[in-house]
**Student:** 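Quick one: the structure is below, questions incoming.
Both counts, for ligands and for their atoms, begin at 1 and track the order of listing. All figures in this text were calculated on a predicted structure; none of them were measured in a lab.
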Amino acid sequence: MTRTQVAIIGAGPSGLLLGQLLHRAGIDAVIIERKSAAYVLSRIRAGVLEQGTVDVLARAGVGDRLKAEGLVHHGFALAFDGRRRRIDLGSLLGGRHVTVYGQTEVTRDLMDARQAAGLPTVYDADEVALHDFDGPNPRVSWRKDGVSHSLSCDVIAGCDGFHGVSRTSVPDASIRTFEKVYPFGWLGILADVPPVSHELIYANHERGFALCSMRSASRSRYYVQCAIDEKVEAWSDQRFWDELRLRLDPEAAEALVTGPSIEKSVAPLRSFVAEPLRFGRLFLVGDAAHIVPPTGAKGLNLAVGDVHYLATALEEHFTGGSQAGIDAYSATALARIWKAERFSWWMTSILHRFPEGGEFGQRMQIAELDYLFSSVAAQTALAENYVGLPY
Ligand code: APR
Ligand code: PHB
């Protein structure tokens, strides 16, 4: 294996989905991943899929289990001031909806499809490095089990997440980054208990934000806003459940079923965008290029949008000889990315306690939520962004 058409760095959802779409278009790709497959599958992430995401996954040939097991949600709730209000996606948007299906399961389906098709993936690759992507002959090198490897390619797709090597391989003078780090984190718990409600609840509470989500009718995912440097060890299951209950509306607090956690972790909240997304023959995709705080459930959906644009552009390039899609990739993807950045930042800003926000900040939050609850136009704008803007 010394040459391929597309070298894909990273076997997260972005890299795996890109590999799958390219395979269906008859384009060769090799995926090079730093960790093991088991490690990649152990990462727990969000689980709300836009319809556009579901459609792309179906087109990639990995839609069957998602269709059978995914939970279709026609609405979600915002809790505030002890009351819960439903955002009725179905009636606001003429029947549009989201599908709840864990990102881990999306990754598993993609891995299974890749393995079934016998496509090459290098796991446990050390010292992955990108070379010469500003010229006509790019190359990727790595070490595995002490042996050096080199792969020539036409194009490199940097799908290696926020901490990957692709973005940092670009010279500083060629890239601009925009970042906002929020002054808090999310403490999340996964437990085999029935969800508190059949739809998601996003709660704004004076003790901090809380979210009730789920993976299935018998597996729940809950989060509470916590300090940015919170230590997960300081949170027994009991302490988590007690804190969550305090932040929920009375009906939800009453309905909460608790049990032992299967996973518990603290995640920071960040907004981040790199511009542009193309550097010669290197293209950045997904978390390698942008991060959103999880409040809008946009992370995976944004990555799938990028992959869709890039796979389409590469297909036009390799099978039709056209440069147009490749030349447009960065601007097209960034236009959608910035809108999702705005939405994720806004959802975060109306639902969390901001230590530095002061009284004025809190009054603004109350005004935002009061307006939202009293205006169908405002609810429609929220709903339209939540189910996903068009590609
Ligand atoms: N070389 C090779 N692989 C790398 C390197 C490296 N130097 N650095 C990181 N990786 C791998 C990681 O181990 C990971 O498996 O790249 C993969 C990147 O996967 P993700 O972080 O999941 O990013 P992406 O595939 O873009 O997924 C986007 O995942 O993080 C969520 O919120 C995000 O939901 C969104 C989705
Ligand atoms: C989740 O289920 O993990 C989840 C759901 C919605 C969000 C964030 C995370 O906005």
**Student:** Do any N or O atoms from the side chain of Arg281 and from the backbone of Cys153 form a donor-acceptor pair under 3.5 angstrom?
**Tutor:**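 No: the side chain of Arg281 does not pair with the backbone of Cys153.
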**Student:** With heavy-atom distances below 4.0 Å as the criterion, list the atoms of ligand 2 near Leu200.
**Tutor:**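 Checking each atom against Leu200, I get 5 (C), 6 (C).
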**Student:** Looking only at atom types and distance, does a side-chain atom of Thr2 sit under 3.5 Å from a main-chain N or O of Ser152, one as donor and one as acceptor?
**Tutor:**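 No, because the side chain of Thr2 does not come within donor-acceptor range (under 3.5 Å) of the backbone of Ser152.
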**Student:** Sort out for me which residue in Gln225, His352, Arg247 forms a side-chain contact (heavy atoms from CB on, under 4.5 Å) with His205.
**Tutor:**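 Among Gln225, His352, Arg247, the one meeting side-chain contact (heavy atoms from CB on, under 4.5 Å) with His205 is Arg247.
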**Student:** If the test is side-chain contact (heavy atoms from CB on, under 4.5 Å), which one of Ile32, Val30, Ile31 qualifies with Pro120?
**Tutor:**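 Only one option passes, and that is Val30.
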**Student:** For atom 3 (O) of ligand 2, what is the nearest protein heavy atom, given as residue, atom name and distance?
**Tutor:**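 Sorting protein heavy atoms by distance from atom 3 (O) of ligand 2 puts Tyr223 OH, 2.6 Å first.
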**Student:** Does Asp370 have more than 12 heavy atoms from other residues, nucleotides or ligands lying within 6.0 Å of its CG?
**Tutor:**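 More than 12 heavy atoms, drawn from other residues, nucleotides or ligands, come within 6.0 Å of this atom.
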**Student:** Write down, by chain and number, every protein residue that brings a non-hydrogen atom to less than 4.0 Å from an atom of ligand 1.
**Tutor:**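 Residues Ile9, Gly10, Gly12, Pro13, Ser14, Ile32, Glu33, Arg34, Lys35, Val40, Arg43, Arg45, Gln103, Val128, Cys159, Asp160, Gly161, Gly164, Val165, Gly286, Asp287, Gly299, Leu300, Ala303 each place a heavy atom under 4.0 Å from ligand 1, listed by chain and number.
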**Student:** Tell me which donor-acceptor pairs under 3.5 Å the side chains of residues 126-139 have, and how far apart each pair is, sequence neighbours excluded?
**Tutor:**
unit_1: His131; atom_1: NE2; unit_2: Ser141; atom_2: OG; d: 2.7
unit_1: Arg139; atom_1: NH1; unit_2: Ser150; atom_2: OG; d: 3.0

**Student:** Under 4.0 Å between a Lys/Arg side-chain N and an Asp/Glu carboxylate O for Arg336 and Asp306?
**Tutor:**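 Here Arg336 does not pair with Asp306 in a salt bridge, since their nearest N and O are not under 4.0 Å apart.
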**Student:** If you define the side chain from C-beta out and look only at heavy atoms, does anything of Phe373 sit under 4.5 Å from Leu78?
**Tutor:**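 Touching, per the 4.5 Å side-chain cut-off.
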**Student:** Give the atoms of ligand 2, by number and element, whose distance to some non-hydrogen atom of Thr295 is under 4.0 Å.
**Tutor:**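 That gives atoms 10 (O) of ligand 2.
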**Student:** By the definition salt bridge (Lys or Arg N to Asp or Glu O under 4.0 Å), identify the one residue from Arg86, Arg84, Arg85 that meets it with Glu199.
**Tutor:**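 With Glu199 as partner, Arg86, Arg84, Arg85 yield a single salt bridge (Lys or Arg N to Asp or Glu O under 4.0 Å), made by Arg86.
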**Student:** How far is atom 6 (C) of ligand 2 from its nearest protein heavy atom, and which residue and atom name does that atom have?
**Tutor:**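 In this structure, atom 6 (C) of ligand 2 has Tyr202 OH, 3.3 Å as its nearest protein heavy atom.
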**Student:** For ligand 2, which atoms, with element, lie under 4.0 Å from some heavy atom of Val48?
**Tutor:**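 Matching atoms, with element in brackets: 5 (C), 6 (C).
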**Student:** Where's the contact between Ser213 and ligand 2, heavy-atom distance under 4.0 Å: side chain, backbone, both or neither?
**Tutor:**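 Just the side chain.
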**Student:** What are the two closest heavy atoms between Arg167 and Gly161, and how far apart are they?
**Tutor:**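 Closest pair (atom of Arg167, atom of Gly161, distance): NH1-O, 4.3 Å.
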**Student:** As a check for students: among Pro294, Ala297, Ser344, Gly188, identify the option with a heavy atom nearest to atom 8 (C) of ligand 2.
**Tutor:**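 Result: the heavy atom closest to atom 8 (C) of ligand 2 is in Pro294.
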**Student:** Considering both backbone and side-chain atoms of Arg215, is one of its nitrogen or oxygen atoms within less than 3.5 Å of a nitrogen or oxygen in ligand 2?
**Tutor:**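 Right, the criterion is met.
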**Student:** Where does Val100 meet ligand 2, judged by heavy-atom distances below 4.0 Å: at the side chain, the backbone, both, or neither?
**Tutor:**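 Neither part.
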**Student:** Go through ligand 2 atom by atom and flag the ones less than 4.0 Å from a non-hydrogen atom of Arg221.
**Tutor:**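 The list of qualifying atoms is 3 (O).
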**Student:** Output the distance between atom CD (Glu263) and atom CD1 (Ile189), rounded to the nearest 0.5 Å.
**Tutor:**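 Going from the CD atom of Glu263 to the CD1 atom of Ile189 covers 9.0 Å.
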